[in-house]
Number of protein chains: 2
Amino acid sequence: MNQSQILQSLIAENLVSDPSGARGRLLTEAARLFREKGYERTTVRDLAAAVGIQSGSLFHHFRTKEEILKAVMVETIRLNTALMQAALEAADTNRKKLRGLVRAELESINGQTGEAMAVLVFEWRSLSAASQVEVLELRDIYEKLWLDVLESLKHEGALEADPFVVRRMLTGALSWTVTWYKPERGGLTLDGLTDQVMAMMAL
Amino acid sequence: MNQSQILQSLIAENLVSDPSGARGRLLTEAARLFREKGYERTTVRDLAAAVGIQSGSLFHHFRTKEEILKAVMVETIRLNTALMQAALEAADTNRKKLRGLVRAELESINGQTGEAMAVLVFEWRSLSAASQVEVLELRDIYEKLWLDVLESLKHEGALEADPFVVRRMLTGALSWTVTWYKPERGGLTLDGLTDQVMAMMAL
DNA sequence: GACAATACCAAGCAAGCGCTTGGTTTGTAA
DNA sequence: TTACAAACCAAGCGCTTGCTTGGTATTGTC
């Protein structure tokens, strides 16, 4: 299954909104604006204007502004969990599995879903405590995929450091690429960047 | 020179504010609040209440709210540049110099100046474009300290990946520790964490 | 003790915010 | 055609925001 096939099946299961539908379009624009200006600086009037409706009409689709932020995050995690699972299935050795995860996460961060991924990282504090708990549960599933592979590598002797620590370092390092990585002509490709990450870890 | 001696000499040169003075206390509280709730969610009334004055009185010390954010960032970079320089002087080999930088940055992020460091990372977008340019100039000096060491390590053959990329990965990985690292009794110490970082890079 | 300069307060303004309201248009299906 | 719900608009309410204003303590200096 490739990336768009995964997206299609998630839409069919009603786990993520169709980007061509009204709700999906709003979430896409919301992710873009939240990333560009931050959640607090983005007004409901900005959001409404981005999809061409009046600000009040937003509240027909979502009860509060925060609900929009939560929806962006929840759908992003759902999509990425599926993407990581696919990356794992495509690899046979643990080393290749880790490379697959790194490559897939870099693609999520710097590709089409990058805005939503950045929101997940940088707008976390804007979520209410209640919503944070809800989203964290989904995140645990996602993180377990990484930890399983890293622990296997440790048992193989290919990894010296602690898997928990390594995953957290990787989370920071990979998320941060969104602030500097620009795949321009002749520069570093996503595969090249993945190579650099693996080289840095001497893997 | 130890950490507090460095701070003292910067205060003497008027490069950072004395934390016991009025301006310094405000900046400390501002860093705490900006980190805790974010810049946008922190009101001038919150800031004023934290130092025990009226909200209007803030504008006797700073012309705008944004100027407070900028001051937090500028002083943080100044202090940290001095700390990194001290770490470099205390080491003889390049490997030890890198370890010194990692250790010092982890201490900045997770120690007393941690709040201000987190603000520097997470509230960047809240700075106006003009202020961003100003702060970036200071940041370049800071980054050069890292790049020099990493480039030397590459020439020695101890490092395979590109120094620019490695530094950026480290920036992300180390900043991110602020979201999860808690030096609790019996857990990972700052030195232990530094070891993990070096081990991850097989250095 | 006179006199600035500095630090602060009390009050409030103008603008922008999230969200609500009452009513109209659009899509769908019998 | 009728019926009805979903989607939307126009207007604006109530509140909070950053910041200003005019005046009053407090501090340092000679």
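Bear in mind the structure is a predicted one, so any value in this text is a computation, not a measurement. All chains are named by letter (A, B, ...) in the order of the sequence lines, taking the proteins before the strands, and each is independently numbered beginning at 1.
- With DNA chain C read from its 5' end, the first of the two nearest nucleotides for A:R63 and A:R41 is the one closest to A:R41.
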Determine, step by step, whether B:V166 and B:M201 satisfy the side-chain contact (heavy atoms from CB on, under 4.5 Å) criterion, reporting the C-alpha distance in whole Å, the side-chain angles of both residues, the deciding distance to 0.1 Å, and the verdict. CA-CA 10 Å; B:V166 172; B:M201 299 174 65; 3.8 Å; yes
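- If you take CZ of A:R23 and P of D:dA7, they are 11 Å apart, rounded to a whole angstrom.
- In the displayed structure, A:E160 atom CD is contacted under 6.0 Å by at most 12 heavy atoms of other residues, nucleotides or ligands.
- A:R45 contributes no side-chain N or O that forms a donor-acceptor pair with the base of C:dG16 under 3.5 Å.
- Between the CZ atom of A:F62 and the P atom of D:dC8 there is a distance of 12 Å, rounded to whole Å.
- The separation between A:I68 atom CD1 and C:dC19 atom C1' is 12 Å, rounded to whole Å.
- Among the atoms of the strands shown, only primed sugar atoms or phosphate atoms (P, OP1, OP2) are found under 4.0 Å from some heavy atom of A:T64.
- Put simply, CG on B:L33 is 12 Å from P on D:dG18, counting in whole angstrom units.
- Look at A:S57 and you won't find any side-chain N or O under 4.0 angstrom from OP1 or OP2 of D:dA7.
- Of the candidates A:V149, A:I141, A:L101, A:L101 is the only one forming a side chain to side chain contact (heavy atoms under 4.5 Å, CB included) with A:M84.
- A side-chain hydrogen bond (donor to acceptor under 3.5 Å, both in side chains) with B:R99 is found for one member of B:T93, B:N94, B:D195 and no other, namely B:D195.
- In this entry the distance linking CG of B:L58 with C1' of D:dT20 reads 13 Å, nearest Å.
- A cation-pi arrangement is not found for B:K70 relative to B:F62, the charged atom failing to lie both closer than 6.0 Å to the ring centre and inside a 45° cone about the ring normal.
- If B:S55 and B:A22 are placed on DNA chain C by their nearest nucleotide, the residue sitting closer to the 5' end is B:A22.
- The listed nucleotides are C:dC19, D:dC8, C:dC9; the one nearest the side chain of B:I53 is C:dC9.
- Rounded to whole Å, atom C1' of D:dG23 lies 14 Å from atom CD of B:Q54.
- Atoms CG (B:L26) and C1' (C:dA7) sit 13 Å apart, rounded to a whole Å.
- In this structure, B:H60 does not reach the D:dT20 phosphate: none of its side-chain N or O atoms is under 4.0 Å from OP1 or OP2.
- Here the nucleotide nearest the side chain of B:T43, chosen from C:dC8, D:dC19, D:dT17, is D:dT17.
- One atom, CD of B:E40, and another, C1' of D:dG18, lie 12 Å apart when rounded to the nearest Å.
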